[in-house]
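See below for the structure under consideration.
Below, chain A is the first sequence line, B the second, and so on; all start at residue 1.
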Amino acid sequence: MTTTPVLEAIDETLETQGRPPLNVIYEWLTTVDHKKIGLMYIVYALIFLVIAGFEAILMRIQLAIPNNHFVSPQVFNQLFTMHGTTMVFFMGMPILFGMGNYLVPLMIGARDMAFPRLNAFSFWISAFAGLLLYFSYIGGSGLYAAGSAPDVGWFAYAPLTSKVFSPGHSTDYWTLAVFLSGVGSIGTALNIVTTILCMRCKGMKMSRMPLLPWLYLVMSGLVFVAVSPLTAAQIMLTLDRYLGAHFFDTQAGGSAILWMHFFWIFGHPEVYVLVLPAFAFANEIIPVFSRKAMFGYPAMVAASVSIGFISLSVWAHHMFTAGLGPAGNTFFVFATMVISVPTGIKIFNWLATIWGGKIIFAVPMMFMIAFLFQFLIAGLTGIMLSAAPFNWQLSASYFVVAHFHYVLVGAIVFSLFSAFYFWYPKVTGRMMSETLGKWHFWLFLIGFHLTFDFMHVPGILGMPRRIYTYEAGRGWDTLNFIVGVGAIFQAAGTLVLVYNMIHSYYKGKEAGHDPWDAWTLEWSVPSPPPSYNFAIEPTVSSRRPLWDIKHPEDPDADYE
Amino acid sequence: MTTITTASRIPIDGPVETPWKLPYRGNVGMACLIIAESAIFIIFVVAYIYYIGKSLSGPTPAQVLELPIFGTICLLSSSIFVHFAVNNLRKDNLRGCTLNLAATVLLGTIFLATTAQEWYHLIHDEGLTIKTNLFGTTYYSLVGLHATHVVVGLIMLSLTLGLSLTGHVKEEHSEKLEVLSLYWHFVDAVWVVVFLVVYVIGR
Ligand code: HEM
Ligand SMILES: [Cu+2]
């Protein structure tokens with residue numbers, strides 16, 4: 001094996017020197033290495049996951065029994081606002097960007113991102129934004145009125161956000177936090193696109209690139225056109241609140257509906273920003289555990305790109321009850337339904353990959369199978385909701401909450417868990433415990449279905465979302481209690497995961513560089529990878545370079 | 001689970017058919033930034049168009065706005081000079097590059113001054129502020145957003161000018177200067193849209 005002596009020397013100093021802890025902290029704070037930044041993103045997102053999960057549990061305790069007075073209406077509003085905002089902007093986006101940061105350069109055979117310093121900047125600005133959001137608990141109405149977090153919902157509909165309805169600064173903290181997280185996201189997306197387009201190793205044509213970078217490319221493209229409008233809308237809202245502008249001030253002729261448009265022009269593509277990386281994990285993990293090449297690579301790419309485009313034209317399906325008129329409604333009904341075509345292609349391709357494969361039921365694959373089923377169901381309730389007359393019945397009910405949690409948790413979080421188990425050995429050099437992993441899987445699966453299957457029913461029975469309590473005897477009581485119990489199961493499952501991650505870091509089995517017998521470039525380097533990733537920059541001539549090395553008699557080119 | 005044992009570092013080495021050339025990252029990064037910025041501008045433009053004629057009180061655009069012809073000519077011609085600057089640097093003509101950069105900065109500054117003068121007039125003589133009505137709200141935010149971009153561009157151009165006056169700008173930096181010039185062209189292109197929407201359609 002040839003390695004440059006210089007790199008070996010770097011290896012020595014980085015890996016073996018016993019350094020005092022302060023130096024280690026300093027090194028992390030100032031790092032521009034894409035792997036370290038990726039990990040920092042993931043850790044920060046996990047912290048916010050625990051916080052936002054805790055807020056969810058508080059809400060479920062409040063709703064578990066009728067006429068409960070565990071929290072006040074005011075506090076309940078703050079809880080769902082903070083929960084939603086945190087989960088979308090400070091858990092979902094950062095954790096997915098973190099995974100992308102870690103994996104994309106490794107998978108395309110690059111030594112780092114295109115702009116390492118911008119990468120660090122984007123991370124720190126979004127971390128700061130998260131702190132700013134939670135600082136509102138102290139600073140929202142001044143230090144003397146602690147406990148004043150924003151309470152306008154994660155969608156912050158006008159005129160709730162006007163000075164009259166939200167005095168104090170809580171809404172300003174929300175606006176600034178979301179704005180800054182947007183700046184960070186755009187920076188990271190720019191970096192990912194540039195890295196993918198300009199840093200691929202020799203021979204990796206776009207048509208030979210693994211699907212994960214492909215999907216991150218589409219996702220980042222969506223970030224530009226989806227997150228920027230939100231950034232613009234936040235600037236307008238801030239001008240309204242600070243300088244007395246009238247964008248969303250109905251008293252001066254401004255429009256509350258315009259805010260809805262601007263918000264959902266962001267909000268709908270945003271769900272695809274979150275779900276495309278989840279698809280990306282599925283595309284890498286399912287083939288490895290089925291021992292087959294991904295079925296229909298070009299169709300997968302085409303479907304992802306078209307999902308990106310179509311998702312830009314469906315935002316007003318969140319506004320059917322705002323009264324768009326028949327023409328508008330019809331357009332958005334059909335636009336929404338069209339998106340099920342590329343989504344269907346994806347599901348069929350995953351099934352075709354599994355079909356006839358030698359399936360290995362390791363923990364990552366278990367999470368993936370659950371992901372497939374849950375994503376399918378979520379898509380079906382989505383289609384139900386996209387029929388305008390049906391939507392008029394169910395909008396703003398718990399049915400909607402059940403639908404989107406099916407996607408956000410049932411699909412995105414499940415596939416994220418799968419990815420954790422899959423790439424943990426690469427990151428730490430140790431395997432995660434399979435036994436604990438199975439505990440995590442079953443606890444979380446049961447909890448998920450207890451919570452979100454049952455949540456559809458009170459929705460159909462008329463329970464509105466965002467109410468802080470309800471009368472007994474409407475048929476909602478038992479259901480809500482079950483939903484609450486499910487939440488506890490999910491929390492327990494997550495704790496098992498956290499324990500597993502920490503425990504395996506010290507006690508896990510040594511992983512070696514390629515524990516799953518996988519095919520993409522990241523498995524060709526040691527675990528954990530050295531700071532420069534590749535001793536020699538690789539040159540590839542097929543989609544699965546490691547397969548070709550392991551099976552010279554059966555070249556991958558036959559599958560392309 | 002089959003675990004294969006190989007050396008800790010697998011050399012991935014295959015034949016490469018064609019010479020391997022990837023785009024310059026500065027250009028791609030700037031293109032991404034321009035897409036994102038365009039989306040921001042589109043939202044402000046949409047809001048502007050949506051609120052044309054919806055103000056509940058005066059003044060109206062027709063009463064107070066005048067076509068900023070001089071400023072527009074200055075800004076648009078500065079685009080040509082920054083283009084020449086890049087060309088000169090590519091041909092290793094450092095003096096030409098410096099001169100053209102100076103012209104760009106000068107013309108950009110004149111444009112900014114005309115905007116400042118316009119705002120002064122509107123605020124002091126016409127009493128139009130961001131608070132006055134929807135026209136004020138949308139006008140100051142859209143034109144202000146553009147002016148902010150001009151300021152950012154001018155700062156970067158002036159820094160480059162300073163570096164080139166002190167002889168730090170060399171031929172090998174022409175790719176980087178080109179990235180900056182892309183941004184400046186974008187700022188100019190946005191002005192064309194703003195000009196049409198605010199001063200032509202809006203009036
Ligand atoms: C791909 C991942 C998806 C995610 C992450 C997602 C997420 C969401 C979220 C967060 C909401 C609620 C927004 C709110 O009011 O706060 C929502 C509502 C909705 N979703 Fe989805 N969704 C996804 C897929 C789909 C699909 C495939 C369809 C249709 C084919 C769909 C149709 C709808 C409709 C019509 C609503 C509006 C319900 C209402 O407010 O009345 N969704 N979704
Ligand atoms: Cu939507």
Original post:
With a 4.5 angstrom heavy-atom cut-off, which part of A:I186 approaches chain B: side chain, backbone, both or neither?
Top reply: side chain
Original post:
Where on A:L230 is there a heavy atom nearer than 4.5 Å to chain B: the side chain, the backbone, both, or neither?
Top reply: neither
Original post:
Which bit of A:L190 is near chain B, if near means a heavy-atom gap under 4.5 Å: side chain, backbone, both or neither?
Top reply: both
Subject >> Side chain / backbone / both / neither for A:S255 at chain B, heavy atoms under 4.5 Å >> reply: both
Original post:
Can you tell me if CD on A:E434 sees more than 12 non-hydrogen neighbours from other groups inside 6.0 Å?
Top reply: yes
Subject >> Test item: B:R25 side-chain N/O and A:A114 main-chain N/O as donor-acceptor pair under 3.5 Å >> reply: yes
**OP:** State, yes or no, whether a side-chain contact exists between B:V64 and B:F135 at a heavy-atom distance under 4.5 Å.
**Re:** yes
Original post:
Which bit of B:Y24 is near chain A, if near means a heavy-atom gap under 4.5 Å: side chain, backbone, both or neither?
Top reply: backbone
Original post:
Can you check whether A:G187's main-chain N or O pairs, donor with acceptor, with A:N191's side chain at less than 3.5 Å?
Top reply: no
Subject >> Proximity breakdown for A:L239 and chain B, heavy-atom pairs closer than 4.5 Å >> reply: side chain
Subject >> B:F111 side chain reached by B:F70 side chain, heavy atoms, under 4.5 Å >> reply: no
**OP:** Using non-hydrogen atoms and a 4.5 Å limit, figure out which bit of B:N27 sits close to chain A: side chain, backbone, both or neither.
**Re:** neither
Original post:
Who wins among B:S141, B:A39, B:C32, B:P23 for the most heavy-atom pairs under 4.5 Å with chain A?
Top reply: B:C32
Original post:
Side chain, backbone, both or neither: which part of A:F247 has a heavy atom under 4.5 Å from chain B?
Top reply: both
Original post:
Looking at A:S228, A:C201, A:P538, which one has more heavy-atom pairs under 4.5 Å with chain B than the rest?
Top reply: A:S228
**OP:** Give me the one residue out of A:F262, A:W264, A:F263 that meets ring-ring contact (aromatic ring centres under 6.0 Å, His included) with A:F266.
**Re:** A:F263
Original post:
Do the side chain of A:R544 and the main chain of A:T520 share a donor and acceptor less than 3.5 angstrom apart?
Top reply: no
Original post:
Is chain B contacted by the side chain of A:Q251, its backbone, both, or neither, given a heavy-atom distance below 4.5 Å?
Top reply: backbone
Subject >> Part of B:F44 lying under 4.5 Å from any heavy atom of chain A >> reply: both
**OP:** Give a yes or no answer on whether the side chain of B:S79 reaches the backbone of B:L75 with a donor-acceptor pair at less than 3.5 Å.
**Re:** no
